[in-house]
Amino acid sequence: MSEEKRIPDTMRQVLEELEDRMQGRRVFRYMAEQESESPEDGWNSMQIKEISGEQFFRDIKGTADLIRRNGLAGTHIGIMGANSYGWIMALCAIFWSGSVAVLLDHETDPADLRDRAQQVSLAGMICDSEASETVRAAGLSGQIRSLEIRELLIESREMRDSETDCAAAAEKRAEDLACIFFTSGTTGGSKAVMMSEHGLAAGICHRIQNRKFRAILAVLPFHHISGFSSALNALYLGAEVCLAEQQKYFYKYLETMKPDYVFVVPSMLRMLARKLKNGGPNGRLLGWDLHMINCGGAAFCPEFLQMLLDRNITVMQGYGASEAGAIGLLWEMTTDHPDTIGKPPAGLEIKIVDDELWMKSEAVMMGYYGDEEGTRKVLRDGWYITGDLCRMDADGYLYLTGRKKNLIILSNGENISPEEIEGRLYQYEEIREAVVQAEGDLLTASIYPAYPRDCPAEEQERIREKIRREAEEYNHSVPVYRQIRKVHFLEEPVGKTASGKLIRRSVPGGERQ
């Protein structure tokens with residue numbers, strides 16, 4: 001590998017490279033609340049705040065120095081809070097100080113937080129004001145050093161004129177532990193994924209996204225690897241990051257900050273597509289300037305894809321896994337191959353073993369923290385065994401056919417991948433969410449309809465009746481053993497992981513029709 005393409009060994013080296021690249025650049029924008037006479041002003045009290053590269057690194061170094069002064073340098077430090085500038089700055093400060101970052105979902109309940117803190121030997125916690133309440137409720141305040149993001153920012157800026165360029169607690173090596181985060185846990189308890197310094201650096205310093213973009217809207221949760229790594233990768237590629245701190249203002253962010261690129265989960269992609277039907281080129285009739293959408297693992301209706309392409313919006317299909325790190329497949333979707341996850345990019349090897357996809361790259365995890373048995377089940381000679389069923393066509397395109405754990409095996413020996421059937425159902429606009437399961441040898445579909453806002457009862461029944469007809473339409477196109485025999489209508493959306501994946505075990509019985 002040539003010197004100019006060499007991946008840094010550590011996250012400290014990544015940040016030093018970013019500091020050089022960011023001189024004279026605006027790197028973050030977000031909506032900050034201004035003083036208002038009424039606390040109910042909401043969005044009307046917001047104004048755009050800008051952060052330069054120089055400010056970003058002053059904050060990183062000042063916060064890293066505070067980490068050292070609090071005796072936490074080189075330890076395991078939790079970070080917990082909603083997406084914010086302070087969150088991503090604090091993460092980088094943890095790396096700068098030579099510590100290990102432990103990423104925690106800000107919606108974690110106190111009991112789970114207490115267990116995870118003990119599991120990964122937390123010495124300290126950096127959190128926002130809301131998460132600090134959870135830390136107190138978990139009884140951790142007297143056991144670990146807890147620092148609030150807002151207070152760290154204020155104090156580090158007050159020290160601006162002092163020496164804050166602290167050295168790392170110890171010189172870290174490429175193979176050292178850099179970060180711990182927890183898997184989504186769609187079928188069982190989540191696991192603590194360990195990423196090495198070099199593995200994390202490789203996942204950030206890549207050019208898999210080879211289309212130029214000006215600004216990404218960072219909407220995915222930062223405690224998930226695709227959330228924070230896509231933001232840092234955007235900075236590495238020379239773009240800026242627009243922060244979506246509150247989901248309820250998602251469309252307002254698109255209108256006000258006008259990012260040209262957004263990375264979303266499948267459910268958000270479908271909503272975006274419906275919104276853009278009357279949005280004009282790049283959503284300009286809505287006040288947007290959107291040119292590219294990236295979505296992971298979406299079962300996407302071909303009609304939506306063509307509509308987005310007609311509006312000058314490129315749709316990228318992303319595929320990866322927490323354990324595989326931040327290097328995965330990223331494919332520009334076309335109407336010729338709407339269902340593929342594409343072909344592996346440079347730096348990623350794949351193979352299919354007994355219909356199961358295996359992945360290998362510099363970004364693959366070190367293993368699960370404190371779980372050698374679990375690690376042995378999914379890592380083999382550097383290969384991560386994904387658990388995803390996959391096939392490859394004659395041209396080398398990859399197609400996911402389901403999860404190995406989710407396979408429905410009928411008494412006649414037929415194997416049913418529920419994801420394949422769900423993908424067919426998502427072609428109907430009236431279906432927002434669908435989960436296919438089995439009752440004995442009969443397939444059922446639990447469906448949450450796409451009701452319009454304030455939809456009256458009679459209109460809801462009309463939509464449900466149309467869905468029943470669509471299920472019958474599907475049944476006429478498939479063999480008997482693949483037909484849906486019962487439809488359950490759900491009163492609430494299906495539970496989801498931080499990355500937008502449906503949690504199948506959360507599906508209730510629903511209203512049976």
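Small disclaimer: the values here were computed from a predicted structure and weren't measured. Index from 1, following the sequence.
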Side chain to side chain, Leu104 and Met125, heavy atoms closer than 4.5 Å: yes

Between Asp115 and Gln119: side-chain donor-acceptor atoms closer than 3.5 Å: no

Ile126 to Ala90 - nearest heavy-atom pair and separation: CG2-CB, 3.9 Å

Asp355 and Arg391: CA distance, side-chain angles, deciding distance, salt bridge (charged side-chain N to carboxylate O under 4.0 Å, His left out) verdict: CA-CA 7 Å; Asp355 298 324; Arg391 65 178 177 86; over 6 Å; no

Over 12 foreign heavy atoms within 6.0 Å of NZ, Lys277: no

Under 3.5 Å donor-acceptor, Ser99 side chain and Gly74 backbone: yes

Donor + acceptor pair across side chains of Ser477, Arg424 (<3.5 Å): yes

Donor-acceptor under 3.5 Å (Tyr253 side chain, Glu245 main chain): yes

Side chain Asp260, main chain Arg214, donor-acceptor under 3.5 Å: yes

Any side-chain heavy-atom pair of Val264 and Phe250 under 4.5 Å: yes

Heavy atoms of other groups near Lys212 NZ, more than 12 under 6.0 Å: no

Parallel, tilted or perpendicular: ring planes of His337 versus Tyr397, cut at 30 and 60 degrees: parallel

Donor-acceptor side-chain pairing of His198 and Glu362 below 3.5 angstrom: yes

Under 3.5 Å donor-acceptor, Arg12 side chain and Trp96 backbone: yes

Exam field: side chain Lys486 to backbone Glu439, donor-acceptor pair closer than 3.5 Å: no

Axial cation check for Phe182 ring with Arg116, 6.0 Å and 45° limits: yes

Donor-acceptor under 3.5 Å (Asn233 side chain, Ile204 main chain): yes

CD (Glu465) with more than 12 external heavy atoms under 6.0 Å: yes

Salt bridge (charged side-chain N to carboxylate O under 4.0 Å, His left out) assessment of Glu332 paired with Arg211: CA-CA 10 Å; Glu332 183 176 332; Arg211 276 181 164 266; 2.9 Å; yes

Any donor-acceptor pair under 3.5 Å from Tyr426 side chain to Ala434 backbone: yes

Salt bridge (charged side-chain N to carboxylate O under 4.0 Å, His left out) between Glu17 and Arg21, intermediate numbers included: CA-CA 6 Å; Glu17 183 175 332; Arg21 289 169 177 249; 3.0 Å; yes

Residue pair Asp393 / Asp395: nearest heavy atoms and the distance that separates them: OD1-N, 2.9 Å

Contacts of type salt bridge (Lys or Arg N to Asp or Glu O under 4.0 Å), residue Lys404, not counting sequence neighbours: Glu356

Partners passing salt bridge (Lys or Arg N to Asp or Glu O under 4.0 Å) against Glu107 (at least two apart in sequence or in another chain): none

Cation over ring face, Arg380 and Trp358, 6.0 Å, 45°: no

Cation-pi check, Lys275 onto Tyr251 ring (under 6.0 Å, within 45° of axis): yes

Side-chain donor-acceptor contact under 3.5 Å, Arg469 with Tyr428: no

Test item: side-chain donor near acceptor, Tyr474 and Gln483, under 3.5 Å: no

Six-ring centre of Tyr448, Arg432 cation under 6.0 angstrom, axis tolerance 45°: no

Modelled atom types, side-chain donor and acceptor of Ser226 and His224, under 3.5 Å: yes

Main-chain N/O of Arg173 paired with Asp176 side-chain donor or acceptor, under 3.5 Å: yes

Side-chain (Glu349) to main-chain (Lys360) donor-acceptor, under 3.5 angstrom: no

Expected output: side-chain Glu433 to main-chain Val494 donor-acceptor under 3.5 Å: yes

Identify all side-chain donor-acceptor contacts of residues 383-390 below 3.5 Å with residues at least two apart in sequence or on another chain.
unit_1	atom_1	unit_2	atom_2	d
Tyr384	OH	Glu323	OE1	3.3
Thr386	OG1	Leu357	O	2.7
Thr386	OG1	Asp388	N	3.0
Asp388	OD1	Arg403	NH1	3.0
Asp388	OD2	Tyr319	OH	2.5

Under 3.5 Å side-chain donor-acceptor pair for Tyr261 and Gln209: yes

